[in-house]
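Working notes, beginning with the structure itself.
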Amino acid sequence: MSYKFLLDIALILISTKILGLITKRFQMPQVVGALLAGLILGPAVLNVLQETEFLTQLSELGVIVIMFTAGMGTDIKELKNSGKAGFLVALCGVLVPLIMGAGLAYFFNRGEFAHPGNVLLQNIFIGVILTATSVSITVETLKEMGKLSTKVGNTILAAALIDDVLGLVALTIITSLAGAQVSIWIVLLKIVAFFVLAILVGWLACKFLNWYSDRVKRDLHRFPILAFVLCLLMAYCAEHFFGVADIIGAFSAGLVIANTSKAKYIESKFNSLSYLLLTPIFFASVGIKVVLPKMDVTIILFTVLLIIVAVLSKLIGCGLGAKICGFSNLNCVQIGVGMVCRGEVALIVSNKGIAMGLMPEAFLGPVILTVVVATILTPILLKLAFKPGSKEYTELQESPLVESYEEMEQLDYMEETLLDAHHQMKDKNSKN
């Protein structure tokens, strides 16, 4: 058994913290520093760290916890109010990248890069790749800036969740047209079934946890464990049985916990876990996965234009959807920027497209670079979008993940002490 994973984790934790502090000093989100740490130490630059199955699985757990805590910190009423806006933002944020991506591919998917098969489907497939939004980095940036629970933050969350579903439907349609044995109706049925199950399980879990909390007065550490079990089970079921992203299952579990009496206490425990280990590893792993391929002049031009289209299409599409819903111009920009980030979904879809003959292998390099640039740009653009002096701006707060584990432990200890004192007083009064 190799113990190199211990060294890898140590390097990730120290490098993400150092670069996070450096980026914070330059008034940028610390998320950018964590991303750069993985990029610098990974194969793209120094090649000190390589992608391993352990780091991949740990980073996946990291993104699940990020979305779980996002769900716990979400105002349910505000999220419901953002439902209509979220749908329009997501719909426009899928259609515009789809059209612009297909239009760009039309000019490059020819000549030496021409691929056997249906050219129209191949061009549309490039657009499908650009529809995917990776909300986890946006969520962490908004949390760090104290903006996640705002109207804009909730609209981005709602839109991102709907975007995942619409993107899955678009991918299913295009692959079925290309000959894959995939039924769009089965996919839609699975999506509906998951949300029905999530509502039912959520209602039962919420009832149980509230009932259990009324009977357990002292051993509060049981509740984070029960909450984590619910999170992992819903994430697993979403991905394994229904073909829905595991982060949607985790976010749904977070919404359930948000409606329990111990929500704040549970959230504080997960903030510690996330800050200490999982969040740095997740963001660093994004950079570690980057392997830059060799490209000629034409592919470099395609890469530059693809990055521009990737950013502008989400900015225009999601901003347009927000404008239709009555958001201010600045809010439209903030929502559009928040949806710019792409992630591993785009890479998975790209590999699927290559295997099915829907995308030339030469286009994989541009897609990888687009994901990297969009990932790094998103937190920077978000910081600029929430600029000082605007009506929507409030002074940036410290990250809920706190500056140190010791501070969080002190808060937890104080909370437990106060709760114990409260229960003791309550027992004393009941005896009297």
Side-chain angles (χ1 to χ4, degrees), residues 29 31 63 65-94 133-167 195 198-199 202 206 231 245 247-260 263-264 267 270-271 274 314-315 317-341 378-379 381-383 385-386 390-397 399-401:
V31 171
V63 71
V65 170
I66 287 173
M67 294 308 296
F68 181 51
T69 55
M72 286 191 286
T74 300
D75 187 327
I76 305 293
K77 293 182 180 178
E78 187 62 43
L79 188 64
K80 287 181 180 177
N81 294 334
S82 301
K84 178 184 175 183
F87 177 78
L88 285 173
V89 169
L91 182 62
C92 295
V94 166
T133 294
S134 179
V135 72
S136 52
I137 292 172
T138 298
V139 164
E140 191 62 27
T141 304
L142 290 174
K143 281 175 67 178
E144 186 177 326
M145 296 168 62
K147 298 293 184 181
L148 186 58
S149 296
T150 62
K151 186 177 181 181
V152 169
N154 278 292
T155 301
I156 291 173
L157 266 176
L161 297 175
I162 297 169
D163 182 284
D164 276 344
V165 174
L166 294 178
F195 284 108
I199 292 171
C206 190
C231 167
I247 60 173
I248 296 182
F251 182 79
S252 302
L255 291 178
V256 173
I257 299 302
N259 284 290
T260 65
K264 291 298 180 183
E267 186 180 2
F270 278 92
N271 282 337
S274 185
K314 283 293 184 181
L315 190 59
C318 297
L320 177 63
K323 191 64 179 176
I324 294 173
C325 296
F327 282 90
S328 67
N329 291 333
L330 181 58
N331 285 157
C332 291
V333 172
Q334 292 167 345
I335 291 171
V337 167
M339 297 289 287
V340 162
C341 189
T378 298
L381 293 176
L382 274 173
K383 179 65 182 294
F386 286 95
S390 66
K391 292 180 181 179
E392 292 84 356
Y393 179 83
T394 56
E395 186 177 353
L396 295 183
Q397 303 172 358
S399 169
L401 300 182

So Met67 and Val139, do their side chains get closer than 4.5 Å, heavy atoms only?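 With C-beta onward as the side chain, the pair touches.
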
Partners meeting side chain to side chain donor-acceptor pair (under 3.5 Å) with Thr69 (sequence neighbours left out):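 Thr69: side chain to side chain donor-acceptor pair (under 3.5 Å) contacts with Lys143.
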
Only counting residues at least two apart or in another chain, list the ones meeting side chain to side chain donor-acceptor pair (under 3.5 Å) with Lys151.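 Scan of Lys151 (side chain to side chain donor-acceptor pair (under 3.5 Å), adjacent residues dropped) gives none.
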
Quick check on side chain to side chain contact (heavy atoms under 4.5 Å, CB included): which of Ile247, Ile248, Thr133, Ile156 does Leu161 satisfy it with?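 Only one of Ile247, Ile248, Thr133, Ile156 forms a side chain to side chain contact (heavy atoms under 4.5 Å, CB included) with Leu161, namely Ile248.
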
If the condition is side chain to side chain contact (heavy atoms under 4.5 Å, CB included), which residues does [X] pass it with, not counting sequence neighbours?
{"X": "Cys231", "answer": "Ile64, Phe68, Phe228, Ala250, Ala253"}
{"X": "Val94", "answer": "Thr131, Asp163, Leu166"}
{"X": "Ile199", "answer": "none"}

If I compare all heavy atoms of [X] with all of [Y], which pair ends up nearest, and what's the gap?
{"X": "Thr378", "Y": "Val337", "result": "CG2-O, 3.7 Å"}
{"X": "Lys84", "Y": "Cys325", "result": "O-SG, 4.4 Å"}
{"X": "Ala385", "Y": "Leu330", "result": "O-CD1, 3.4 Å"}
{"X": "Ile66", "Y": "Ser274", "result": "CG1-OG, 4.4 Å"}
{"X": "Gly336", "Y": "Cys318", "result": "CA-CB, 3.9 Å"}
{"X": "Gly71", "Y": "Ala258", "result": "O-CB, 3.9 Å"}

Report the residues that fulfil ring-ring contact (aromatic ring centres under 6.0 Å, His included) with Phe251, sequence neighbours left out, ordered by chain and then residue number.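 ring-ring contact (aromatic ring centres under 6.0 Å, His included) check on Phe251 returns nothing, list empty.
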
Polar side chain donor-acceptor pair, Asn329 to Lys323, under 3.5 angstrom: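 A donor-acceptor contact under 3.5 Å links the two side chains.
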
Separation between [atom1] of [X] and [atom2] of [Y], rounded to the nearest 0.5 Å:
{"X": "Leu88", "Y": "Ile324", "atom1": "CG", "atom2": "CD1", "value": "6.0 Å"}
{"X": "Thr138", "Y": "Leu148", "atom1": "OG1", "atom2": "CG", "value": "10.5 Å"}
{"X": "Leu157", "Y": "Leu142", "atom1": "CG", "atom2": "CG", "value": "8.0 Å"}
{"X": "Lys147", "Y": "Thr141", "atom1": "NZ", "atom2": "OG1", "value": "13.5 Å"}
{"X": "Glu140", "Y": "Leu382", "atom1": "CD", "atom2": "CG", "value": "12.5 Å"}

Go through the steps to decide whether Phe195 and Val165 satisfy the test side-chain contact (heavy atoms from CB on, under 4.5 Å), and finish with yes or no. CA-CA 11 Å; Phe195 284 108; Val165 174; 4.2 Å; yes

